[in-house]
Amino acid sequence: MTKFWYVIDNIESYICRTLLAIFVCLLFLQVIVRTLFDFSFSWVEELSIYMFVWFVFFGASYAAKKGAHNRVTFQFKFLPPGAIKYIEAFADLFWIFFNVYFVYLSIDFIFNKMNKFQSSQTMGFHLSWVYIVLPIAFSLMTIRVLQVNYKKIILGEDMRDPDAIDLDEIRAETAELEQEKK
Amino acid sequence: MESQIILILFGGFLLLMFIGAPITVALGVSTLLSFLYLGENPIKFVQIAFTSVGSFPLMALPAFILAGALMEAAGLSRRLINVAESFAGPFTGGMSAATVFACLFFGAISGSGPATTAAVGMLMIPAMIQRGYGRSYASAITASSGGLGIVIPPSIPLIIFGIAALGMPAPPAAVEQFGQFQTVSIPKLFIAGFMPAFLIAGSLLLMNYVLAKKHGYKGSGEGWSARQIWCELYRGFWALMAPVVILGGIYSGFFTPTEAAIVAIFYTLIVGAFIYRELSWTKLFTALETTTWLTGRVLLIMFTATVFGRLLVENQIPAIIADGMLSVTDNIYIIWALVIFFLLFVGMFMETLATILILVPVMLPVAYSVGIDPIHFGVVMVCCLGIGFQTPPLGENLFIASGISNISIEKISVAALPFAFINTVAIFIIAFVPEITLWLPRFFGY
């Protein structure tokens with residue numbers, strides 16, 4: 001069961017890594033086929049762009065889960081760390097407002113406003129199958145924002161900044177490689 | 001009407017940033033509020049969410065991020081540092097000059113200033129101290145050259161600039177006044193970045209030579225170690241070939257930048273798995289994961305920045321800014337100086353790619369309307385933002401270097417000032433002499 005929840009908790013990461021691996025391989029196949037046989041599949045480029053769009057929006061949700069979306073924080077330098085999380089939580093209310101409104105807009109667009117004939121040029125399916133990623137990913141992102149704030153405020157966990165560079169780790173790796181060299 | 005929109009858009013944006021909202025949220029919410037205020041249909045957001053991201057050239061971004069992450073995991077980047085180190089030789093300041101080159105090589109692959117400072121500094125700062133360099137000097141030169149690599153192609157900031165600029169055609173009034181501007185393309189930007197990057201590196205090397213002479217940092221007594229250089233070149237051969245494959249592929253017209261990045265990924269996979277044997281499944285998955293959140297967060301900004309930019313252009317706000325600027329001065333050199341100082345300032349505390357995405361819709365139309373070439377503008381912009389990381393008081397590279405050498409930030413900042421100064425001088429030269437940027441692309445017929 002814990003394994004199951006781990007997968008659910010990192011679902012965007014699994015989806016994105018799979019999509020990334022597939023479209024990178026598809027494009028490589030295209031390059032190979034073009035160079036060797038002077039031939040190209042008409043659908044590869046379009047399909048990989050759609051997979052890329054899915055990858056981007058699920059990736060944005062994953063970035064929200066990691067607390068990776070860039071904020072400007074230097075104005076908080078002189079505030080106690082305890083206060084910062086409440087200010088950021090307040091700012092995140094705007095994020096939630098934006099996401100909820102955007103989910104509403106995208107559902108309205110997909111089901112009511114989209115042209116019936118707006119289909120993929122090379123594969124024939126209706127483009128709402130691609131656009132559907134928008135309400136799904138932005139809903140997920142909203143859940144992630146709530147999850148991160150719950151972790152920070154209620155559970156009091158310290159979120160690690162994914163951009164921070166762990167000098168000790170790099171130091172250990174460098175030392176290991178120097179050892180090998182000798 | 002316009003002044004109210006400017007107030008809602010920029011005021012809302014700055015206020016949200018100030019209370020610590022993510023940059024993408026600050027952009028999105030302030031644009032949405034302006035849309036509602038103007039009574040425009042916000043359904044555009046949905047279409048732009050799809051069209052701003054769904055483009056083939058943009059796929060170069062995750063592909064190059066993945067290629068860079070894999071090159072680090074597979075040990076290609078580290079071998080490049082070793083090659084640079086072996087060239088230190090008998091020169092005055094040779095070891096620190098080698099650090100500058102190591103940062104150039106590494107930064108070109110990694111695209112992140114602080115990461116470059118960390119990886120290069122970990123090897124080179126102790127090596128410099130061992131040769132009798134001052135601790136603060138060794139840290140300062142590493143921190144100062146850490147941001148260099150982002151101008152060297154294949155440069156991720158230049159890709160982002162190129163994509164953002166593609167959506168910003170020159171305003172008709174500017175075309176009437178200055179003639180047709182050249183079109184922006186990623187290969188053109190890549191080739192234009194070379195000479196400016198080497199000019200900045202050259203300025204650092206010059207300052208390094210002067211200072212090393214003053215401090216008496218001599219080279220090793222033994223002279224060149226031909227054997228060691230040969231050894232490192234042999235070990236680093238496959239790593240040195242990677243840029244040849246990428247850039248050669250693009251400039252021979254064989255690959256588009258996106259395809260070149262895809263080929264680089266598979267090249268690195270093969271070299272890393274079968275020749276250097278340092279790549280494991282775990283490292284591969286970590287590289288994929290890093291690419292996921294890095295791309296997700298940048299391209300979410302791409303979406304909100306595109307709507308933001310669209311709103312700006314529709315309401316002729318860049319034209320208002322340009323008029324305001326021209327009413328103060330129409331001297332192109334003073335305008336450049338204002339632009340450079342503004343970019344250096346912003347680059348100090350905002351993430352590079354986010355800054356580019358936000359400022360291109362604001363500043364590029366202004367640049368057009370005073371007759372600045374878009375390629376030239378892009379290169380100067382990226383050069384300025386690369387320096388933001390290494391200048392006191394907020395430079396991130398300084399913190400990393402201080403963590404490695406255990407010297408206070410203040411001491412490193414003081415030692416880094418001459419480098420920041422000479423870098424700024426180099427940027428002014430690049431801005432004032434457009435030919436430095438534009439000659440090479442023209443020579444190659446772009």
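Below, chains carry the letters A, B, ... as their sequence lines are ordered, and counting in each starts from 1.
A:Lys65 does not touch chain B: none of its heavy atoms, backbone or side chain, sits under 4.5 Å away. If you measure heavy-atom distances from B:Ile19 to chain A, the contacts under 4.5 Å come from both the backbone and the side chain. B:Ser55 touches chain A through its backbone: at least one of N, CA, C or O sits under 4.5 Å from a heavy atom, while the side chain does not. With a 4.5 Å cut-off on non-hydrogen atoms, A:Tyr131 touches chain B through its side chain but not through its backbone. If you measure heavy-atom distances from A:Phe138 to chain B, the contacts under 4.5 Å come from the side chain alone. With a threshold of 4.5 angstrom between heavy atoms, A:Thr73 does not approach chain B through any atom at all. With a 4.5 angstrom heavy-atom cutoff, A:Phe58 does not touch chain B via any of its atoms. Looking at B:Phe254, the atoms closer than 4.5 Å to chain A (heavy atoms on both sides) sit in the backbone and in the side chain alike. For A:Phe55, the part lying under 4.5 angstrom from a heavy atom of chain B is the side chain only. Residue contact with chain A, scored on non-hydrogen atoms closer than 4.5 Å, involves the backbone and the side chain of B:Pro114 alike. Within the 4.5 angstrom heavy-atom criterion, atoms from both the backbone and the side chain of B:Ala49 approach chain A. For B:Leu58, the parts lying near chain A are the backbone and the side chain together; criterion is any non-hydrogen pair under 4.5 Å. Of the two parts of A:Tyr14, neither the backbone nor the side chain holds a non-hydrogen atom closer than 4.5 Å to a non-hydrogen atom of chain B. In this structure, the portions of B:Ile23 lying under 4.5 Å from any heavy atom of chain A include both its backbone and its side chain. Both the backbone and the side chain of A:Leu27 come within contact range of chain B, with heavy atoms under 4.5 Å apart. If you measure heavy-atom distances from A:Ser61 to chain B, you find no contacts under 4.5 Å at all. Neither the backbone nor the side chain of B:Leu15 comes within less than 4.5 Å of any heavy atom of chain A. With a threshold of 4.5 angstrom between heavy atoms, A:Met141 approaches chain B through side-chain atoms but not through N, CA, C or O.
Other residues, nucleotides and ligands contribute at most 12 non-hydrogen atoms within 6.0 Å of the CZ atom of A:Phe37. Other residues, nucleotides and ligands contribute over 12 non-hydrogen atoms within 6.0 Å of the CG atom of A:Asn112. Surrounding CH2 of A:Trp43 are more than 12 heavy atoms belonging to other residues, nucleotides or ligands, all under 6.0 Å away.
Taking chain B as the reference chain and counting heavy-atom pairs below 4.5 Å, the highest number among A:Leu105, A:Ile87, A:Val53 is found for A:Leu105. Heavy-atom pairs under 4.5 Å with chain B were tallied for A:Arg17, A:Glu12, A:Lys113; the largest tally goes to A:Arg17. Each of B:Pro62, B:Ala261, B:Gly121 has some count of heavy-atom pairs under 4.5 Å with chain A, and the biggest count is that of B:Pro62. Looking only at heavy-atom pairs under 4.5 Å with chain B, the residue among A:Cys16, A:Ala64, A:Ala68, A:Ala21 that has the most is A:Ala68. Of all the listed residues (B:Met350, B:Met302, B:Met59, B:Glu351), the one sharing the greatest number of non-hydrogen pairs under 4.5 Å with chain A is B:Met59. Between chain B and the options A:Phe23, A:Phe94, A:Phe28, A:Phe90, the largest number of non-hydrogen pairs under 4.5 Å is found for A:Phe28.
Interatomic distance, A:Phe109 CZ to B:Gln47 CD, rounded to the nearest 0.5 Å: 4.0 Å. One finds the OG1 atom of B:Thr292 at 7.5 Å from the OH atom of A:Tyr62 (value rounded to the nearest 0.5 Å). Going from atom OG1 of A:Thr18 over to atom CG of B:Leu288 covers 9.0 Å, rounded to the nearest 0.5 Å. With rounding to the nearest 0.5 angstrom, the CD atom of A:Glu46 is 12.5 Å from the CZ atom of B:Phe56. For the atom pair A:Phe76 CZ and B:Phe18 CZ, the distance stands at 7.0 Å (nearest 0.5 Å). A:Leu29 contributes atom CG, which lies 11.5 Å from atom CD1 of B:Ile262 (distance to the nearest 0.5 angstrom).
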### Task
Applying side-chain contact (heavy atoms from CB on, under 4.5 Å), run through A:Leu167 and B:Phe399 and close with a yes or a no.
CA-CA 11 Å; A:Leu167 281 178; B:Phe399 286 85; over 6 Å; no

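A:Phe98 pairs with exactly one of B:Thr24, B:Leu27, B:Val29 by the side chain to side chain contact (heavy atoms under 4.5 Å, CB included) rule, that one being B:Val29. Across A:Asp92, A:Asn70, A:Val72, a single residue satisfies side chain to side chain contact (heavy atoms under 4.5 Å, CB included) together with B:Pro22, and that is A:Asp92. Applying the side chain to side chain contact (heavy atoms under 4.5 Å, CB included) test between B:Val46 and each of A:Leu134, A:Asp108, A:Ile107 identifies A:Leu134 as the sole match.
Put simply, the side chain of A:Ser13 does not reach to within 4.5 Å of the side chain of B:Trp293, judged on heavy atoms. Residues A:Phe57 and B:Phe50 fail the side-chain proximity criterion, which asks for heavy atoms closer than 4.5 Å. Looking only at side-chain heavy atoms (C-beta outward), B:Leu32 and A:Phe97 come within less than 4.5 Å of each other. In this structure the side chain of B:Thr291 reaches within 4.5 angstrom of the side chain of A:Leu20, judged on heavy atoms. Residues B:Glu259 and A:Arg34 are in side-chain contact: their nearest non-hydrogen atoms beyond the backbone lie under 4.5 Å apart.
Using a 4.0 Å cut-off between a side-chain N of Lys or Arg and a carboxylate O of Asp or Glu, B:Glu289 and A:Lys66 qualify as a salt bridge.
A centroid separation of less than 6.0 Å is found between the aromatic rings of A:Phe102 and B:Phe303.
B:Arg297 contributes no side-chain N or O that, together with a main-chain N or O of A:Ala63, makes up a donor-acceptor pair within less than 3.5 Å. Although no hydrogens or angles enter the test, the distance criterion places no donor-acceptor pair under 3.5 Å between the side chain of A:Glu88 and the main chain of B:Gly20.
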